[in-house]
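Notes for the one structure printed next.
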Amino acid sequence: MIILIKKSPDLTTDKHRKLRALENILASFGECRHVVWMPVQIASELMAQKDFGEYSRRVLVELKSFVTESRGIENLFSFHLNVDFDNGNRLEIENDKVLNIGYLHLTDSMQLRKSILLTENLRDAEIFKIGSEAYLFSENLYRVYGISLEQMPGGGNTTYDLFGHLEKNEIFFLCIIDSDLKHPKGPKGSTAKRFSTTPIGHLNKRFLKILECHEIENIIPLSIVKEATNGLVENGLIYKLDRAALDRTHPDHKAGLTVSNAIANDHEYGSDHWSQYYPYEVADRDVWIIPPLGENLLSNCLKIMAQESIGKLSEKISQELDRTWIDVAQSVASWGVSMRRRVN
């Protein structure tokens with residue numbers, strides 16, 4: 001995460017706990033768990049403090065040299081922390097983007113461990129992490145910054161239980177699940193249903209995103225899906241009619257979707273969502289809106305992305321076709337961004 005200290009801490013009050021919080025913040029920077037930024041003046045003031053340990057002093061030297069080039073870095077991300085050294089108990093989300101957090105929340109060193117990425121399974125977490133690294137590359141940040149996250153698979157429907165555990169224990173984490181929606185007016189899957197009363201977005205020390213798509217395969221960059229299926233995906237009407245950016249969200253990519261099934265789904269839910277495809281229905285023959293791409297689609301896409309260089313992978317992501325993927329990648333990067341070079 002990006003952690004900002006914009007105002008010089010007043011160490012004439014509650015000095016011991018403020019110093020503990022500062023040392024934890026500095027260690028998270030030096031140990032490549034998070035990114036910390038403060039103005040040069042504050043870094044200089046803290047360097048003059050005789051109460052810091054030797055390691056914190058070395059981190060401050062590194063951090064001070066880093067201030068100019070990293071100014072405004074938080075503007076490239078969708079979330080960051082702003083530490084409040086006046087109101088120690090403050091915990092307030094601002095514009096679903098900034099967590100104003102009092103220093104008393106950071107006196108325990110475990111609070112600034114790696115952020116946790118909670119997903120329904122480990123493959124989802126792995127592919128999101130790769131996507132977040134590609135996001136760093138696209139913003140010219142990859143040389144200096146990396147992604148540091150603890151990946152935690154929730155096990156499908158039990159993801160909700162683990163979410164509650166992490167939230168109760170006030171651990172920094174983000175949770176991303178899919179909705180299992182096969183139609184925009186259809187029912188959500190069992191996992192998403194369990195989150196029906198849970199506020200989405202940022203709240204206190206966590207972030208929840210429920211993807212408005214059937215599965216993660218629906219938002220993987222199209223060029224990667226093409227490569228993983230040897231071009232099979234292009235046989236579907238959704239691509240022949242150049243409607244991938246509009247209609248790719250809901251079809252089951254593994255089992256495929258025919259025009260006749262799409263029409264039946266529209267009738268079931270009283271919708272005309274698939275009406276653009278109605279004229280292509282042919283009696284006694286399957287006409288595919290998207291052909292069946294197989295149960296191994298996610299694994300095949302993950303393998304390609306893991307083997308690809310970050311630079312080449314970034315080039316394959318389309319600002320037009322892969323907008324949802326980019327938004328998710330930015331969210332994951334916001335919670336996982338860290339320094340590459342460790343302070344020893």
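All residue numbers refer to positions in the sequence shown, counting from 1.
Residues E234 and Y239 have side chains that never bring a donor and an acceptor to within less than 3.5 angstrom of each other. Q49 and E45 are not linked by any side-chain donor-acceptor pair at a separation below 3.5 angstrom, with hydrogens and angles left out of the test. No side-chain donor from either of N296 and S299 sits under 3.5 Å from a side-chain acceptor of the other. Counting only N and O atoms by type, the side chains of H183 and D266 include a donor and acceptor under 3.5 Å apart.
Within 6.0 Å of CG on N75 lie more than 12 heavy atoms contributed by other residues, nucleotides or ligands. Under a cut-off of 6.0 angstrom, the local environment of CZ in F77 is crowded, with over 12 non-hydrogen atoms contributed by other residues, nucleotides or ligands. Within a 6.0 Å radius of CD in E281, other residues, nucleotides and ligands contribute more than 12 heavy atoms. Around atom NZ of K205, more than 12 heavy atoms belonging to other residues, nucleotides or ligands sit under 6.0 Å away. The local environment of NZ in K97 is crowded, with over 12 non-hydrogen atoms from other residues, nucleotides or ligands closer than 6.0 Å. Sparse packing is recorded around CZ of R341, with 12 or fewer heavy atoms of other residues, nucleotides or ligands lying under 6.0 Å away. Annotation: E320, atom CD; neighbour count of heavy atoms from other residues, nucleotides and ligands within 6.0 Å does not exceed 12. Within 6.0 Å of CZ in F52 there are more than 12 heavy atoms belonging to other residues, nucleotides or ligands.
When the side chains of ILVMFWY residues are joined at heavy-atom separations under 4.5 Å, either directly or via intervening members, L174 and L99 end up in a single hydrophobic cluster. Hydrophobic clustering keeps F195 apart from L117 (ILVMFWY residues linked when any side-chain heavy atoms are closer than 4.5 Å, directly or through intermediates). No chain of hydrophobic side-chain contacts below 4.5 Å, direct or via other Ile, Leu, Val, Met, Phe, Trp or Tyr residues, connects I101 to L203. In terms of hydrophobic clustering, with Ile, Leu, Val, Met, Phe, Trp and Tyr side chains grouped at heavy-atom distances under 4.5 Å, L122 and M305 are assigned to different clusters. Criterion: ILVMFWY side-chain heavy atoms under 4.5 Å apart, direct or through other members. Under it, L222 and L313 are part of a common hydrophobic cluster.
Residues that satisfy the side-chain hydrogen bond (donor to acceptor under 3.5 Å, both in side chains) test with D86, not counting sequence neighbours, are K7. With sequence neighbours excluded, the residues that form a side-chain contact (heavy atoms from CB on, under 4.5 Å) with S65 are E62. With sequence neighbours left out, the salt bridge (charged side-chain N to carboxylate O under 4.0 Å, His left out) criterion links D327 to R323.
W37 places none of its side-chain heavy atoms less than 4.5 Å from the side chain of F29. Proximity of N265 to S271: side-chain heavy atoms (C-beta onward) are nowhere separated by under 4.5 Å. Counting heavy atoms from C-beta outward, R248 and D322 have side chains that approach closer than 4.5 Å. Between M152 and L166, some side-chain heavy-atom pair lies under the 4.5 Å cut-off. You'll find the side chain of V35 reaches within 4.5 Å of the side chain of I2, heavy atoms only. A heavy-atom distance below 4.5 Å is not found between the side chains of P199 and L208. At a threshold of 4.5 Å between non-hydrogen side-chain atoms, the residues N100 and N87 do not count as touching. Within the 4.5 Å cutoff, the side chain of Y277 has no heavy atoms near those of the V287 side chain.
Across every non-hydrogen atom of V67 and V40, the tightest pair is CG1-CG2, 3.6 Å. Listed here is the closest heavy atom pair of W274 and L257: CZ2-CD2, 3.7 Å. Considering all non-hydrogen atoms of both residues, L26 and V59 come closest at O-CG1, 3.4 Å. When all heavy atoms of F163 and C175 are compared, the pair lying nearest together is CD1-CB, 3.7 Å. Of all heavy-atom pairs between L232 and P292, the closest is CD2-O, 3.6 Å. Here the closest non-hydrogen pair linking S179 and A192 is CA-CB, 3.9 Å.
The distance from the CE atom of M38 to the CD1 atom of I3 is 10.0 Å, given to the nearest 0.5 Å. Going from atom CG of L211 over to atom CG of D124 covers 9.0 Å, rounded to the nearest 0.5 Å. To the nearest 0.5 Å, atoms OG (S115) and NE2 (H34) are separated by 4.5 Å. In this structure, CD1 in I210 is found 6.5 Å from CD1 in I200, a value given to the nearest 0.5 Å. From D84, atom CG reaches atom CG of N89 across 10.0 Å, with rounding to the nearest 0.5 Å. Distance CZ/F85 to OG1/T13: 11.0 Å, rounded to 0.5 Å.
Proximity of a side-chain donor or acceptor of Q111 to a complementary backbone N or O of E170 within less than 3.5 Å is detected. No donor-acceptor pair under 3.5 Å is formed between the side chain of R17 and the backbone N or O of L104. Although no hydrogens or angles enter the test, the distance criterion places a donor-acceptor pair under 3.5 Å between the side chain of R58 and the main chain of N344. Remark: the backbone N or O of I310 is not paired with any side-chain donor or acceptor of S314 at under 3.5 angstrom. Judged by distance alone, the side chain of N218 and the main-chain N or O of E215 form a donor-acceptor pair under 3.5 Å. Distance alone, capped at 3.5 Å, places no donor-acceptor pair between the T158 side chain and the D161 backbone. In this structure, the side chain of E92 does not engage the main chain of V98 through any donor-acceptor pair within 3.5 Å. Distance alone, capped at 3.5 Å, places no donor-acceptor pair between the D272 side chain and the S275 backbone. Under a 3.5 Å cut-off, the side chain of S132 and the backbone N or O of V332 do not form any donor-acceptor pair.
Using cut-offs of 30° and 60° on the angle between ring planes, the pair F79 and W335 is parallel.
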- Item | E23 vs Y55, side-chain contact (heavy atoms from CB on, under 4.5 Å): CA-CA, chis, key distance, verdict | CA-CA 9 Å; E23 292 210 305; Y55 183 72; over 6 Å; no
- Query: Going through the distances and angles, do T198 and R206 end up as a side-chain contact (heavy atoms from CB on, under 4.5 Å)?
  - Reply: CA-CA 12 Å; T198 306; R206 60 80 165 166; 3.6 Å; yes
- Task: Run the numbers on H214 and K182 for side-chain contact (heavy atoms from CB on, under 4.5 Å), then give the verdict.
- Result: CA-CA 5 Å; H214 176 52; K182 294 186 178 182; 3.4 Å; yes
- Query: Is there a side-chain contact (heavy atoms from CB on, under 4.5 Å) between D178 and I219 once you walk through the steps?
  - Reply: CA-CA 10 Å; D178 52 55; I219 67 167; over 6 Å; no
- Message: Quick one, K193 with D180, criterion salt bridge (charged side-chain N to carboxylate O under 4.0 Å, His left out). Give me CA distance, side-chain angles, the key distance, then yes/no.
- Response: CA-CA 10 Å; K193 281 181 179 178; D180 285 330; over 6 Å; no
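Under the 6.0 Å distance and 45° angle rule, K18 counts as a cation-pi partner of Y103. Figure legend: R340 and Y142 shown as a cation-pi pair, the cationic atom lying under 6.0 angstrom from the six-membered ring centre and within 45 degrees of its axis.
Screening I25, D108, T107 for a side-chain contact (heavy atoms from CB on, under 4.5 Å) with R20, the sole residue that qualifies is T107.
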